[in-house]
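Chain letters run A, B, ... following the sequence lines, proteins first and then strands; every chain starts at 1.
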2 protein chains.
Amino acid sequence: MKRPPSPHRPRTLAPIARVPGLDYGVLDELLGYSLRRAQVAMFLAFHAATRGVGVTPPRFTALVVIGANPGINQSVLGRVLGIARSGAMALADWFEARGWVERRRHLDDGRAWGLHLTPRGETLVAAMKRRVAAEDRRRAAVLGAGERRELLRLLNKLAG
Amino acid sequence: MKRPPSPHRPRTLAPIARVPGLDYGVLDELLGYSLRRAQVAMFLAFHAATRGVGVTPPRFTALVVIGANPGINQSVLGRVLGIARSGAMALADWFEARGWVERRRHLDDGRAWGLHLTPRGETLVAAMKRRVAAEDRRRAAVLGAGERRELLRLLNKLAG
DNA sequence: TATTGTTATACTCTATAACTATA
DNA sequence: TATAGTTATAGAGTATAACAATA
């Protein structure tokens with residue numbers, strides 16, 4: 001059974017290996033490094049939850065934010081994601097091409113578009129949120145409930 | 001004062017904004033999302049510590065690992081970083097071009113190269129490790145010492 | 001003047017695939 | 001056959017710069 005000529009996988013699909021017998025030096029004391037490893041681990045959970053739909057973490061973030069803030073414009077969306085306006089454009093195009101999001105003219109600002117989930121988008125995003133949240137909790141099940149809450153608290157404190 | 005025509009900044013240089021008044025929906029309950037935000041915040045610390053040298057987090061990881069494991073080969077290095085062999089190649093080329101790392105033939109395996117820091121590389125990496133560790137701690141100073149330890153513990157538990 | 005959307009363009013990172021030398 | 005290194009190529013993500021329309 002040959003794999004089909006699938007072009008590219010979006011990212012790494014394996015956790016960052018902890019190579020046995022190797023000396024990691026100062027890395028083990030850096031929050032930055034541990035954060036990166038934990039993030040890759042959680043990305044696997046995300047990937048398991050969104051398999052095959054082509055929804056990456058930034059796209060998921062965008063969909064959730066559009067759903068929770070109907071009429072948000074592309075510049076603000078870019079700010080939320082920490083990307084440039086041109087990138088937010090590409091995102092909106094991608095969603096629109098799939099019929100998940102539509103652009104409607106702002107009533108009070110002729111420059112801006114408001115982004116809205118379509119009915120189809122609503123359904124899809126609702127299901128996706130459930131799956132992503134479930135997988136996120138499943139992967140974090142190595143932590144106790146108290147540990148999970150504490151981790152969330154510390155991360156948010158750190159992110160400022 | 002115009003900025004020089006500097007080509008590209010390697011990544012985002014601002015924290016992911018928390019846009020006031022916006023509803024973040026389910027994102028606030030996801031470890032994955034909080035991890036991402038915390039990671040970006042810590043990347044800023046890293047960037048402050050390595051300003052102008054062109055050393056990105058993967059490059060820093062590679063340098064530390066080569067320094068702590070002299071003679072490591074490129075394939076293993078790739079495994080440590082979670083990237084393909086071809087990417088490890090490019091890394092080694094980049095270091096070698098700067099005279100920080102040299103390739104020496106393995107004695108017992110004619111296929112492999114062993115990677116070693118040059119004296120210049122040793123000096124540079126030692127200084128860089130100090131600065132990165134100091135900035136990492138400085139940025140994490142919003143946490144108490146106990147909180148920092150606890151965060152590290154939870155992250156490592158999560159990363160598996 | 002500043003901001004929104006838009007387009008064109010460029011760069012970084014990393015993957016895949018094919019090849020060679022060696023094991 | 002399997003693995004290390006190498007090279008060529010391609011794609012995703014995102015930045016900058018410029019422009020038109022609107023504020």
Enquirer: Any base atoms under 4.0 Å from B:Ala112, or only sugar-phosphate, or nothing? Heavy atoms, all strands.
Expert: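 Contact class for B:Ala112: sugar-phosphate only.
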
Enquirer: Establish, with yes or no, whether the OP1 or OP2 oxygen of D:dT3 is under 4.0 angstrom from a side-chain nitrogen or oxygen of B:Gln74.
Expert: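 So the side-chain polar atoms of B:Gln74 never come under 4.0 Å of the phosphate oxygens OP1 or OP2 of D:dT3.
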
Enquirer: Would you say CZ of B:Arg18 has more than 12 non-hydrogen atoms from neighbouring residues, nucleotides or ligands within 6.0 angstrom?
Expert: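 Check passes, neighbour count above 12.
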
Enquirer: Measure from CE on A:Met89 to P on C:dT9 and round the result to the nearest Å.
Expert: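 A:Met89 atom CE is separated from C:dT9 atom P by 15 Å.
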
Enquirer: Let me know the distance between CD1 of B:Ile72 and P of D:dA4, rounded to the nearest Å.
Expert: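 Between P of D:dA4 and CD1 of B:Ile72: 12 Å.
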
Enquirer: Calculate the interatomic distance between B:Arg85 atom CZ and D:dA8 atom C1'; express it in whole Å.
Expert: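 Rounding to the nearest Å, CZ of B:Arg85 and C1' of D:dA8 are 14 Å apart.
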
Enquirer: To the nearest angstrom, how far is A:Phe43 atom CZ from C:dT14 atom C1'?
Expert: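 In whole Å, C:dT14 C1' and A:Phe43 CZ are 13 Å from each other.
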
Enquirer: Counting only heavy atoms not in B:Arg149, do more than 12 sit closer than 6.0 Å to its CZ atom?
Expert: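 At most 12 heavy atoms, drawn from other residues, nucleotides or ligands, come within 6.0 Å of this atom.
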
Enquirer: Remember a base hit wins even if backbone is also touched, and classify B:Gly110 as base, sugar-phosphate or nothing at under 4.0 Å, heavy atoms.
Expert: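 Sugar-phosphate contact only - B:Gly110 comes under 4.0 Å of backbone atoms but never of a base.
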
Enquirer: Any side-chain N or O of A:Ser86 less than 4.0 Å from the OP1 or OP2 oxygen of C:dA8?
Expert: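 So the side chain of A:Ser86 is outside the cut-off, no N or O lying under 4.0 Å from OP1 or OP2 of C:dA8.
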
Enquirer: So, does A:Arg105 get its side chain near the phosphate of C:dG5, meaning an N or O under 4.0 Å from OP1 or OP2?
Expert: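 For C:dG5, neither OP1 nor OP2 has a side-chain N or O of A:Arg105 closer than 4.0 Å.
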
Enquirer: Looking at B:Asp136 and B:Arg148, does any basic side-chain N land under 4.0 Å from a carboxylate oxygen?
Expert: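 Salt bridge: yes.
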
Enquirer: Could you state the CZ-P distance from B:Arg79 to C:dT14, rounded to the nearest angstrom?
Expert: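 In whole Å, C:dT14 P and B:Arg79 CZ are 17 Å from each other.
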
Enquirer: Taking any heavy-atom pair under 4.0 Å as a contact, classify A:Arg59: base, sugar-phosphate, or nothing.
Expert: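 Here A:Arg59 touches the backbone only, sparing every base.
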
Enquirer: Which nucleotide sits closest to the side chain of A:Ile83: D:dT14, D:dA23, C:dT14?
Expert: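 The nucleotide sitting nearest to the side chain is D:dT14.
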
Enquirer: If you take atom types as modelled and just measure distance, does the side chain of B:Arg111 reach the base of D:dG5 with a donor-acceptor pair under 3.5 Å?
Expert: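 Between D:dG5 and B:Arg111, which were checked side chain against base, a qualifying N/O pair under 3.5 Å is absent.
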
Enquirer: How many angstroms lie between CD in B:Glu122 and CD1 in B:Ile66, if you round to the nearest 0.5 Å?
Expert: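 Interatomic distance, B:Glu122 CD to B:Ile66 CD1, rounded to 0.5 Å: 11.0 Å.
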
Enquirer: Rounded to the nearest angstrom, tell me the gap between atom CZ in B:Arg103 and atom C1' in D:dG5.
Expert: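 The answer, rounded to whole Å, is 9 Å.
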
Enquirer: Between C:dT16, C:dT14, C:dG5, which one does the side chain of B:Pro58 approach most closely?
Expert: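 Given the options C:dT16, C:dT14, C:dG5, the side chain of B:Pro58 is closest to C:dT14.
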
Enquirer: Whole Å only: how far is the CG atom of B:Asp108 from the P atom of C:dA23?
Expert: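 Rounded to the whole Å, the gap is 9 Å.
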
Enquirer: List the residues meeting ring-ring contact (aromatic ring centres under 6.0 Å, His included) with B:Trp113, not counting sequence neighbours, and say none if there are none.
Expert: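 For B:Trp113 there are no ring-ring contact (aromatic ring centres under 6.0 Å, His included) partners, ignoring immediate neighbours.
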
Enquirer: Once you round it to whole Å, what is the distance between P of D:dA4 and CG of B:Leu115?
Expert: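 Spelled out: CG on B:Leu115 to P on D:dA4 is 13 Å.
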
